[in-house]
Amino acid sequence: QVQLVESGGGSVQAGGSLKLSCAASGLTGSRSCMGWFRQAPGKEREGVAAIDSDGGLSYADSVKGRFTASQDSDKNTLYLQMNSLKPEDTAIYYCAADRANTFCAGGQDSLAYNFWGQGTQVTVSS
């Protein structure tokens with residue numbers, strides 16, 4: 001059974017930084033891909049960053065140059081370093097994952113991921 005647990009959310013002033021973590025279990029033995037998504041009040045969930053099973057990274061245009069996604073060496077933890085935060089970054093941030101036998105790449109498409117964490121709140125004040 002795959003489980004994803006996010007942590008690291010909180011409140012910060014504009015221009016500040018936060019680092020989110022997503023601890024994954026149950027993904028071993030397969031090729032996995034993971035992503036970060038966010039959902040602000042009254043808005044649809046949107047992709048933020050993603051890592052495919054070969055380690056390839058992709059980012060939403062709105063966060064390029066400010067956010068960096070990474071994984072630890074065993075690929076059990078996904079991180080999102082968020083710098084130069086803006087009030088419009090305020091949202092619940094979700095970790096997502098999927099797995100495949102060969103290559104996995106969900107990108108910014110939420111429908112490509114079958115496993116989700118419970119989310120962590122990020123609030124950026126001006």
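Remember, it's a predicted structure, so these values are computed and weren't measured experimentally. As a basis for the values below, the full set of heavy atoms in this structure was taken, side chains included, without hydrogen atoms, waters or symmetry mates.
- V48 and V5 sit in two unconnected hydrophobic clusters of ILVMFWY residues. Membership requires side-chain heavy atoms under 4.5 Å apart, directly or through other members.
- With a 4.5 Å cut-off on side-chain heavy atoms, L18 and L85 count as touching.
- Residues S21 and E6 fail the side-chain proximity criterion, which asks for heavy atoms closer than 4.5 Å.
- Taking 4.5 Å as the limit, every side-chain heavy atom of T120 sits out of range of all side-chain heavy atoms of Y94.
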### Task
Starting from the C-alpha separation in whole Å, work towards a yes-or-no answer on side-chain contact (heavy atoms from CB on, under 4.5 Å) for Y79 and D72.
CA-CA 8 Å; Y79 302 99; D72 60 0; 4.3 Å; yes
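- Annotation for Q71 and L78: closest pair CG-CD1, 3.8 Å, computed over non-hydrogen atoms.
- Pairs passing the salt bridge (Lys or Arg N to Asp or Glu O under 4.0 Å) check and including a residue from residues 74-97, sequence neighbours excluded, read R38-D89, R66-D89.
- Of the options D98, D52, I51, a side chain to side chain contact (heavy atoms under 4.5 Å, CB included) to C104 is made by D98 and by none of the others.
- Cluster annotation: W116 and V122 are assigned to distinct hydrophobic clusters (Ile/Leu/Val/Met/Phe/Trp/Tyr, side-chain heavy-atom contacts under 4.5 Å, transitive).
- In this structure, the side chain of R31 engages the main chain of S53 through a donor-acceptor pair within 3.5 Å.
- Remark: aromatic rings of W36 and F67 are distant, center separation not under 6.0 Å.
- Residues S126 and A14 come closest through the heavy atom pair CA-CB, 4.3 Å.
- Between M82 and S17, the closest side-chain pair of non-hydrogen atoms is not below 4.5 Å.
- Counted by atom type alone, S70 and Q81 present zero donor-acceptor pairs between their side chains at under 3.5 Å.
- When all heavy atoms are compared, the tightest approach of L4 to C95 is CD1-O, 3.6 Å.
- To the nearest 0.5 Å, the span separating OG on S110 from CZ on R45 amounts to 7.0 Å.
- Put simply, the side chain of R99 gets close to the backbone of G26: a donor and an acceptor are under 3.5 Å apart.
- Side chains of T68 and L80 form no contact here, defined as non-hydrogen atoms less than 4.5 Å apart.
- Cluster annotation: F37 and I92 are assigned to the same hydrophobic cluster (Ile/Leu/Val/Met/Phe/Trp/Tyr, side-chain heavy-atom contacts under 4.5 Å, transitive).
- The two atoms that bring A40 and A91 nearest to each other are N-CB, 3.8 Å, heavy atoms only.
- Annotation for A49 and A69: closest pair CB-CB, 3.9 Å, computed over non-hydrogen atoms.
- Taking CD of Q1 as the reference point, atom CG of L27 lies at 11.5 Å (rounded to 0.5 Å).
- Side-chain heavy atoms closer than 4.5 Å link hydrophobic residues (I, L, V, M, F, W, Y) into clusters, and following such links, even through other members, never connects Y113 to Y93.
- The minimum heavy-atom distance between A105 and C33, with the atom names listed, is N-SG, 3.7 Å.
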